[in-house]
**Q** 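Let me give you the structure first, and then I'll get to my questions.
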Amino acid sequence: MTGRTSLTIVLAAGEGTRMRSSLPKVLHQVANQSLLAHVLAAAPQGAGSALAVVVGPDREDVAAEATRARTDALTFVQRERLGTAHAVLAAKDAIAKGADDLLIAFGDTPLISAATFERLRAPLRDGATLAVLGFRAQDPTGYGRLLVEDGQLVAIREQADASEAERKVDLCNAGVMAFAGKTALDVIEKIGKANSKGEYYLTDAVEIVRSLGLKATVIETDEDEVRGINTKAQLAEAEAIMQQRLRKAALDAGVTIVAPETVHLSADTTFGADVMIEQYVVIGPGVSIADGAVIHAFSHIVQAEIGKKVSVGPYARLRPGTSLGEGARIGNFVETKAAKLAAGVKVNHLTYIGDTEIGAGANIGAGTITCNYDGFNKAKTIIGAGAFVGSNSSLVAPVKIGSGAYIGSGSVITRDVPDDALAVERNEVATKDGWGKRFRDKHAGLKKSK
Ligand code: UD1
Ligand code: CA
């Protein structure tokens with residue numbers, strides 16, 4: 001919305017006891033991103049948009065997540081949990097700066113979109129003092145009910161204070177509100193706690209705005225966008241909705257997903273053109289998949305960079321720090337971690353590659369293990385371009401296999417192997433006679449397969 005400044009306050013000081021978890025509610029995740037981060041990503045950002053997050057006492061973890069997700073976020077502490085209006089006033093210093101629009105959202109409503117925040121701001125531009133986001137609830141139990149007369153919002157009644165008739169209203173408060181910034185503080189400071197819970201309800205702002213002869217209005221949205229998460233069951237419902245959204249966005253962007261309902265994506269997954277994903281694939285956080293890559297069935301991928309035309313799986317596990325160069329191939333029952341594979345590397349069967357760099361075109365045989373951990377320390381394995389590691393070899397790190405070197409099957413390599421070593425078995429480099437000769441005779445005239 002051009003020209004108008006905004007302050008968004010996100011309330012995240014609730015304890016979330018109904019989650020039955022030691023983790024604060026807003027740090028639970030949907031699509032591998034915290035509930036809080038989802039809300040913060042949707043809140044207005046850029047020039048003229050300020051952001052404040054209200055956290056509970058001793059909740060450095062929530063404050064840290066807020067500033068991780070939005071570096072521009074200010075955090076405020078609500079010392080005692082006395083209700084949503086009280087929580088808003090924890091950020092009083094920010095409100096007092098007087099942005100044109102004051103937006104308030106809850107940290108437990110992760111499906112909210114940026115477009116909805118903008119829609120809610122529109123009535124303020126047209127002179128309303130308060131706009132409340134509403135939705136038609138399938139089951140309104142527990143939500144505040146929006147009481148509308150002659151097209152005007154006259155009150156929000158919380159479940160516990162609602163009459164029998166009011167409880168039948170299915171138009172509910174989503175929890176997101178937009179106040180005209182200049183009057184917001186006056187209105188919110190007038191809120192009392194004369195209700196059945198003895199809490200300062202932000203929802204009372206509607207009646208105060210009305211009593212001042214000012215206008216309050218409702219903007220409606222779909223229930224799926226504003227589901228508040230109070231329980232693990234609701235968390236799972238939100239996950240299902242978010243997954244549907246992410247898959248649809250990927251399909252719309254041209255990703256081929258053979259069986260969408262079996263694929264799990266993350267909020268930050270990125271895809272190039274002509275990517276194909278087979279059945280039952282889990283993509284965790286921090287994954288990018290470049291043009292033409294294929295992820296075969298039953299693969300599990302976290303924090304990995306997958307290059308152009310790479311093939312992964314079936315049944316592959318790519319762990320954090322994996323990066324696969326153009327055309328690399330990772331086959332079945334292969335696990336990688338902190339592994340940087342250059343273009344065209346093949347690791348096709350039953351292998352563990354950890355703390356390793358592999359140069360272009362190297363071929364790693366079935367059952368190869370990089371022994372990166374000696375029980376005390378992790379160490380690195382470096383494999384040069386074009387090297388050939390025979391099946392069932394153990395590369396005991398720290399170790400370097402030279403480029404173009406040939407490692408015989410079943411070797412245990414504990415010493416560095418020079419570049420272009422004709423053949424190495426265990427730690428023995430082939431010599432002119434002995435097994436080196438046999439090797440040469442056998443392979444005479446053959447080109448090493450890439
Ligand atoms: C609230 C609304 C209700 C609405 C529903 C939508 C009020 C009084 N009620 O009810 O009308 O239909 O959300 O989901 O606003 N919080 C604090 N400090 C507090 C109290 C709450 O930070 O002292 C935060 C919570 O962390 C949460 C949000 O405010 O993010 C809402 O609190 P919650 O207790 O979940 O309110 P509901 O009962 O769901
Ligand atoms: Ca809630």
Side-chain angles (χ1 to χ4, degrees), residues 8-19 23-28 34-40 43 52-57 59 62-63 65-66 75-91 103-112 130 132-147 153 155-162 166-167 169-177 179 188 191-208 216 218 220-221 223-235 237-238:
T8 305
I9 301 180
V10 178
L11 304 188
E15 280 147 19
T17 45
R18 285 170 284 177
M19 296 295 273
L23 189 69
K25 173 162 74 176
V26 296
L27 297 189
H28 283 76
S34 71
L35 304 183
L36 182 60
H38 280 286
V39 179
L40 299 188
V53 179
V54 177
V55 305
R59 281 268 72 114
V62 178
E65 171 63 1
T75 56
F76 295 88
V77 176
Q78 183 192 21
R79 298 257 154 245
E80 270 180 293
R81 201 178 181 282
L82 300 179
T84 43
H86 181 262
V88 169
L89 289 175
L103 299 158
I104 294 165
F106 295 162
D108 67 353
T109 319
L111 301 167
I112 189 91
L130 176 57
V132 174
L133 189 64
F135 66 100
R136 301 276 170 191
Q138 255 177 3
D139 174 12
T141 313
Y143 287 110
R145 309 301 205 283
L146 301 184
L147 308 182
L153 178 61
I156 305 178
R157 197 76 73 232
E158 288 306 301
Q159 169 87 17
D161 303 294
E166 286 167 344
R167 284 185 186 186
V169 172
D170 70 345
L171 183 60
C172 292
N173 174 26
V176 188
M177 294 189 187
F179 285 85
I188 297 166
I191 293 173
K193 51 173 180 169
N195 51 57
S196 60
K197 282 196 185 161
E199 282 189 9
Y200 296 91
Y201 286 164
L202 184 61
T203 45
D204 285 353
V206 174
E207 280 162 288
I208 293 167
V218 181
E220 277 194 51
T221 192
E223 176 163 19
D224 278 349
E225 208 194 332
V226 290
R227 286 170 190 275
I229 292 175
N230 299 316
T231 63
K232 290 282 169 69
Q234 289 168 335
L235 184 69
E237 281 168 25

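Given the structure is predicted, the values throughout are model-derived calculations rather than measurements. Just so you know, ligand 1 is whichever comes first in the structure, and atom 1 is the first atom listed for that ligand.
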**Q** Taking 4.0 angstrom as the limit, do Glu65 and Arg59 come out as a salt bridge?
**A** no
**Q** Looking at ligand 1, does any of its N/O atoms fall within less than 3.5 Å of an N/O of Ala13?
**A** yes
**Q** I'd like to know if the side chain of Asn195 and the backbone of Glu199 have a donor-acceptor N/O pair within less than 3.5 Å.
**A** yes
**Q** Is Thr109 in contact with ligand 1, taking contact as a heavy-atom separation below 4.0 Å?
**A** no
**Q** Nearest 0.5 Å please: distance from the CZ atom of Arg227 over to the CD atom of Gln234.
**A** 8.5 Å
**Q** With a cutoff of 4.0 Å, is Glu158 in contact with ligand 1, counting heavy atoms of the residue only?
**A** yes
**Q** Quick check: Gln78 and ligand 1, any N/O pair under 3.5 Å apart?
**A** yes
**Q** May I ask you to list the atoms of ligand 1 that are less than 4.0 angstrom from any heavy atom of Asp108?
**A** 30 (O), 35 (O)
**Q** Could you check whether any heavy atom of Leu82 sits closer than 4.0 Å to an atom of ligand 1, since that is the contact criterion I want to use?
**A** yes
**Q** Can you measure from NZ (Lys25) to CG (Leu35) and round to the nearest 0.5 angstrom?
**A** 8.5 Å
**Q** Please check if a non-hydrogen protein atom sits closer than 4.0 Å to atom 36 (O) of ligand 1.
**A** no
**Q** How far is atom 14 (O) of ligand 1 from its nearest protein heavy atom, and which residue and atom name does that atom have?
**A** Tyr143 CE2, 3.7 Å
**Q** Going by the atom numbers of ligand 1, which of them fall below 4.0 Å from some non-hydrogen atom of Thr203?
**A** 7 (C), 8 (C), 11 (O), 15 (O)
**Q** Which residue holds the protein heavy atom closest to atom 1 (C) of ligand 1, what is that atom called, and what is the gap in Å?
**A** Phe106 CE1, 3.5 Å
**Q** How far is atom 26 (O) of ligand 1 from its nearest protein heavy atom, and which residue and atom is that?
**A** Gly14 N, 2.7 Å
**Q** Check Val39 against Pro110 and note the closest heavy-atom contact, atom names and distance.
**A** CG2-CA, 4.0 Å
**Q** Are more than 12 heavy atoms from other residues, nucleotides or ligands located less than 6.0 Å from atom CD of Glu80?
**A** no
**Q** Pair Tyr200, Val88 - check side-chain contact (heavy atoms from CB on, under 4.5 Å), show working.
**A** CA-CA 10 Å; Tyr200 296 91; Val88 169; over 6 Å; no
**Q** Just which atoms of ligand 1 are under 4.0 Å from any heavy atom in Gly107?
**A** 30 (O)
**Q** Output the list of atoms in ligand 1 that are nearer than 4.0 Å to some heavy atom of Ala87, sorted by atom number.
**A** 17 (C), 18 (N), 22 (O)
**Q** Provide the closest heavy-atom pair for His28 versus Lys232 in the form atom of the first, atom of the second, distance.
**A** NE2-CE, 3.4 Å
**Q** Of all the non-hydrogen atoms in the protein, which one sits nearest to atom 33 (P) of ligand 1, and at what distance?
**A** Arg81 NH2, 4.4 Å
**Q** So is Cys172 touching ligand 1 or not, going by heavy atoms under 4.0 Å?
**A** no
**Q** side-chain contact (heavy atoms from CB on, under 4.5 Å) between Met177 and Ile156: does it pass, once the steps are laid out?
**A** CA-CA 12 Å; Met177 294 189 187; Ile156 305 178; 3.8 Å; yes
**Q** Starting at CD of Glu207, measure out to CG of Leu153 and round the result to the nearest 0.5 Å.
**A** 9.0 Å
**Q** Looking at NZ of Lys197 and CG of Leu82, how far apart are the two atoms once the value is rounded to the nearest 0.5 Å?
**A** 13.0 Å
**Q** Atom CG in Leu111, atom CD in Glu223: separation rounded to 0.5 Å?
**A** 11.0 Å
**Q** Would you mind running through ligand 1 and noting each atom that sits below 4.0 Å from a heavy atom of Gly144?
**A** 3 (C), 4 (C), 11 (O), 12 (O)
**Q** Can you list the ligand 1 atoms lying under 4.0 Å from a non-hydrogen atom of Tyr201?
**A** 8 (C)
**Q** Quick check on contacts: which atoms of ligand 1 are under 4.0 angstrom from a heavy atom of Asn230?
**A** 35 (O)
**Q** Please report which non-hydrogen protein atom sits nearest to atom 32 (O) of ligand 1, along with the residue it belongs to and the distance in Å to one decimal place.
**A** Thr84 CG2, 4.1 Å
**Q** Could you identify the single nearest non-hydrogen protein atom to atom 12 (O) of ligand 1 and state the distance to 0.1 Å?
**A** Asn173 O, 2.6 Å
**Q** Heavy atoms only: give me the nearest Gly14-Arg81 pair and the separation to one decimal.
**A** CA-NE, 3.0 Å
**Q** Under 3.5 Å, N or O to N or O, is Gly228 touching ligand 1 that way?
**A** no
**Q** When you measure from the side chain of Asp108 to the backbone of Gly228, do you find a donor-acceptor pair of N or O atoms at a distance under 3.5 Å?
**A** no
**Q** For atom 38 (O) of ligand 1, what is the nearest protein heavy atom, given as residue, atom name and distance?
**A** Arg18 NH2, 4.6 Å
**Q** Within a distance under 4.0 Å of any heavy atom of Ala174, pick out the atoms of ligand 1 and give their elements.
**A** 6 (C)
**Q** Under the 4.0 Å line, does any protein heavy atom show up next to atom 23 (O) of ligand 1?
**A** yes
**Q** Nearest protein heavy atom to atom 30 (O) of ligand 1, by residue and atom, and its distance?
**A** Leu11 O, 3.0 Å
**Q** Say you draw a straight line from CD of Gln138 to SG of Cys172; how long is it, rounded to the nearest 0.5 Å?
**A** 11.5 Å
**Q** With the Ca ion (ligand 2) at the center, what angle do OD2 from Asp108 and OD1 from Asn230 span, rounded to 10 degrees?
**A** 80°
